[in-house]
Every structure is written in structure tokens, then in C-alpha cells.
Amino acid sequence: MSFFTMVNTVSEQMHVDTDIITLTRFILQEQQSRAPKATGELSLLLNSLQFAFKFIAHNIRRAELVNLIGISGSANSTGDVQKKLDVIGDEIFINAMKSSNNVKVLVSEEQEDLIVFEGGGRYAVCTDPIDGSSNIDAGVSVGTIFGVYRLKDDSQGSIKDVLRPGTEMVAAGYTMYGASAHLMLTTGNGVNGFTLDTQLGEFILTSPNLTIPKSRAIYSVNEGNSYYWPEYVKKYLEDLKKPQENGKPYSARYIGSMVADIHRTLLYGGIFAYPADSKSKNGKLRVLYECFPMAMLMEQAGGSAVNDRGERILEIEPKGIHDKSGIWLGSEKEIERFLSYMKN
């Protein structure tokens with residue numbers, strides 16, 4: 001083998017893609033192509049969000065080593081016992097949104113009331129800083145969920161800025177912290193997925209224009225609550241467990257961390273549900289910072305999201321910042337099948 005042949009062979013084996021699309025580059029390109037006359041405020045906000053995600057990911061990776069796992073000794077606004085990481089994640093998010101100078105109103109699961117920042121910010125952000133933290137001691141993937149509204153022109157920052165239908169959100173998504181940190185983002189033009197390269201310190205576009213399969217024989221629900229379900233929900237799940245046309249029943253996949261369950265559902269298809277029941281009559285998941293962002297992602301990926309009455313999740317008008325709802329979301333055909341049981 002000649003020297004030049006050997007060099008070319010090594011070069012081919014060590015090929016490195018040097019034209020990668022980072023989240024920052026993606027955001028700027030989207031603004032230039034879709035809204036060239038925009039002020040750039042949303043782009044700056046999205047960059048502030050990615051800093052918060054990186055900071056939270058950093059703390060989660062080292063949590064066990066620096067004693068960040070465990071109970072903090074307090075409870076959040078909805079009565080859930082707070083983990084130490086919940087408190088830190090909330091502080092990270094508050095400071096990142098405050099310093100961005102583009103956020104006027106912040107709603108967090110960890111805060112009883114909304115936070116109004118000084119300055120001329122034109123956006124409201126709703127977030128669950130660390131969703132699924134009850135599982136973090138066991139090493140289960142957790143995540144940050146967020147939704148973004150643009151304030152009305154005459155708003156000075158109030159609860160009215162967030163008590164709006166999810167159809168008015170301008171951006172939504174989540175970051176899942178697992179073996180890697182995965183960010184799923186929509187600004188109303190489809191869903192794009194990014195993976196954090198910890199060596200570069202950048203989110204890299206890895207799943208452009210992500211779409212959910214139209215149907216998939218997978219269901220994800222906490223069947224430990226089945227005693228409290230209404231009869232039509234019980235009937236629907238019972239039928240999924242029977243052999244289907246292909247002779248096989250649906251596969252059950254439930255992690256117990258909403259972000260992780262939704263992430264799998266987005267990638268593989270199927271249906272995720274957390275229905276209201278006789279024990280939790282209004283459901284368990286919060287509308288503003290859990291249901292709305294996930295519903296927007298699902299719809300933008302070609303899926304559907306409804307409540308227990310079959311109503312479109314994004315058209316709900318919340319009355320309080322911590323309102324709850326039952327939710328069913330996932331592949332279009334799977335949601336249609338669920339809705340057919342409501343008519344029987």
C-alpha cells in the first residue's frame with residue numbers, strides 16, 4: 001500500500017462532518033428564512049432557554065456525586081415534595097429567564113404564583129423545570145418542559161398573559177436528560193430534535209422535521225390507577241390487550257416520567273395517556289406547562305392530543321396557572337381509535 005493510499009484510507013475512516021447545525025445556527029436560519037423582519041427577541045429567548053437546559057443537564061450528571069439527590073425539605077405549589085434538584089432547576093430557570101431581558105412573565109411548577117420581571121420583555125414562559133424528579137434517585141430520565149407565549153402589545157405583565165389557549169403559544173418543547181440530553185423544539189413549523197454534545201457544549205440537530213408514525217401498537221399509561229377509571233377507558237385498554245388483526249396485542253410501555261414516555265411516543269408512535277379518574281377528577285398533569293407544550297409538539301409532528309371529553313387540548317382555556325387536565329396524545333390513528341370508545 002502506497003503512502004498516499006494509506007493516508008486516503010485513514011482519512012475515510014476518520015471522516016468528521018464539519019458542517020453541523022447547532023441549535024444557535026438553526027434558530028438564526030429559521031428567523032432569516034421565515035421571519036426576516038423579526039426583531040430577533042424570540043431567537044434571543046430560545047438561546048437563553050438552551051443555556052438553562054445545559055446548566056440543568058450539567059447538574060443532573062453530577063447530582064449523585066455532590067449530594068443533589070434527595071428531599072429538600074419543602075413542597076412546591078401543587079403540594080408535591082420537592083427534590084433538591086427541583087429547587088436548583090427552578091433557580092436556574094428563573095435566573096436564565098430574568099437575565100434574558102426578553103421574558104416578562106414566568107410560570108413555574110415550583111412557584112405558587114407567577115413571577116413578573118422588570119424591564120420590557122415581550123414573552124411569557126411556562127415551565128416544569130424538572131419533570132419526573134420523583135424517579136431521579138433511580139436514574140430514570142427526567143426533563144424540562146416549556147411553552148412560550150408572546151405578550152399582547154398593551155400588556156405590562158399579568159396572569160392574563162398565560163391564561164390563554166395553547167393555540168396561542170409561539171414555541172414549545174422539552175429537554176430530556178438521560179444517557180444524552182435531547183431537546184425537542186417547535187416554533188410552529190414542525191418539530192426538530194437536537195442532542196447535546198457535551199464536548200462541544202452545543203445542541204446539534206439530529207432529528208430534523210420529525211414526524212410521528214400514523215399508528216403503532218404501543219400504549220403507555222399507569223394501569224395502577226385502573227380501578228378508578230371510567231368504564232369506557234377500561235374497555236378501551238382491555239381491547240388493546242386482545243390479539244389485533246396481526247394476531248398480536250398492543251405492547252405496554254410505561255416509564256412513569258412524562259418526558260421519557262412522550263419522547264418514546266414521538267419517535268416510535270403509539271399513544272400516551274394520563275386520564276382523569278374518580279380519585280383525580282380533574283386529571284393530574286398541569287395544563288400550562290405539561291399538557292399544552294406536549295400537545296403542541298404532538299400536533300406539529302403530525303399527531304393529536306385530546307382530553308377525556310375528546311376536546312382538543314390546545315383549545316382549553318385555563319382558569320388558573322396550575323390547572324390540571326386528563327390527556328391522551330400520540331399517533332393520529334391511535335387517538336381516533338380512543339375517541340371511538342367515547343361514542344359507545
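Note that the numbering runs from 1 along the sequence shown for the chain. Computed from a predicted structure; not experimentally measured.
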If the threshold is 4.0 Å, N to carboxylate O, is there a salt bridge linking [X] and [Y]?
{"X": "K234", "Y": "E231", "value": "yes"}
{"X": "E317", "Y": "R164", "value": "no"}
{"X": "E290", "Y": "K284", "value": "no"}
{"X": "D19", "Y": "R25", "value": "yes"}

Where is the tightest heavy-atom contact between [X] and [Y], given as atom of each residue plus distance?
{"X": "P293", "Y": "I145", "result": "CB-CG2, 3.6 Å"}
{"X": "W229", "Y": "N222", "result": "CZ2-O, 3.4 Å"}
{"X": "P249", "Y": "K241", "result": "CB-O, 3.2 Å"}
{"X": "R309", "Y": "M342", "result": "C-CE, 3.1 Å"}

Pairing donors with acceptors under 3.5 angstrom, does anything connect the side chains of [X] and [Y]?
{"X": "E336", "Y": "S215", "result": "no"}
{"X": "T39", "Y": "E41", "result": "yes"}
{"X": "E30", "Y": "N189", "result": "no"}
{"X": "Y174", "Y": "D131", "result": "no"}
{"X": "Y219", "Y": "E223", "result": "yes"}
{"X": "Y289", "Y": "H322", "result": "yes"}

Do you reckon [X] sits in the same ILVMFWY cluster as [Y], going by side-chain contacts under 4.5 Å, direct or chained?
{"X": "F117", "Y": "Y123", "answer": "yes"}
{"X": "V140", "Y": "L285", "answer": "no"}
{"X": "F292", "Y": "L151", "answer": "no"}
{"X": "L45", "Y": "I115", "answer": "yes"}
{"X": "L339", "Y": "Y250", "answer": "yes"}

Mind checking whether [X] and [Y] have side chains closer than 4.5 Å, heavy atoms only?
{"X": "F194", "Y": "Q50", "result": "no"}
{"X": "I321", "Y": "V162", "result": "yes"}
{"X": "M184", "Y": "I262", "result": "no"}
{"X": "V142", "Y": "V259", "result": "no"}
{"X": "R312", "Y": "T167", "result": "yes"}
{"X": "V148", "Y": "V125", "result": "yes"}

message = For the residue pair K279 and Y228, would you count it as a cation-pi contact if the rule is NZ or CZ under 6.0 angstrom from the ring centre and within 45 degrees of the ring axis?
response = yes

Result block: side-chain N/O donor-acceptor pairs under 3.5 angstrom for residues 197-210, not counting sequence neighbours:
| residue | atom | partner | partner atom | Å |
| --- | --- | --- | --- | --- |
| D197 | OD1 | Q199 | N | 2.9 |
| D197 | OD1 | L200 | N | 3.1 |
| T206 | OG1 | T195 | OG1 | 2.9 |

Taking the six-membered ring for Trp, are the ring centroids of Y236 and Y232 within less than 6.0 Å of each other?
-> no

Would you check if the side chain of [X] reaches a backbone N or O of [Y] as a donor-acceptor pair within less than 3.5 Å?
{"X": "D261", "Y": "I255", "answer": "yes"}
{"X": "S155", "Y": "K152", "answer": "no"}
{"X": "S257", "Y": "S141", "answer": "yes"}
{"X": "Q31", "Y": "L42", "answer": "no"}
{"X": "R264", "Y": "R253", "answer": "yes"}

More than 12 foreign heavy atoms under 6.0 Å from [atom1] of [X]: is that the case here?
{"X": "Y268", "atom1": "OH", "answer": "no"}
{"X": "Q29", "atom1": "CD", "answer": "yes"}
{"X": "K160", "atom1": "NZ", "answer": "no"}
{"X": "K214", "atom1": "NZ", "answer": "no"}
{"X": "K248", "atom1": "NZ", "answer": "no"}

Across all chains, not counting sequence neighbours, the side chain to side chain contact (heavy atoms under 4.5 Å, CB included) partners of S325 are V287, C291, N307, I313, I316

message: For F146 and F53: C-alpha separation, side-chain torsions, deciding distance, then whether ring-ring contact (aromatic ring centres under 6.0 Å, His included) applies.
response: CA-CA 11 Å; F146 65 95; F53 304 148; 5.3 Å; yes

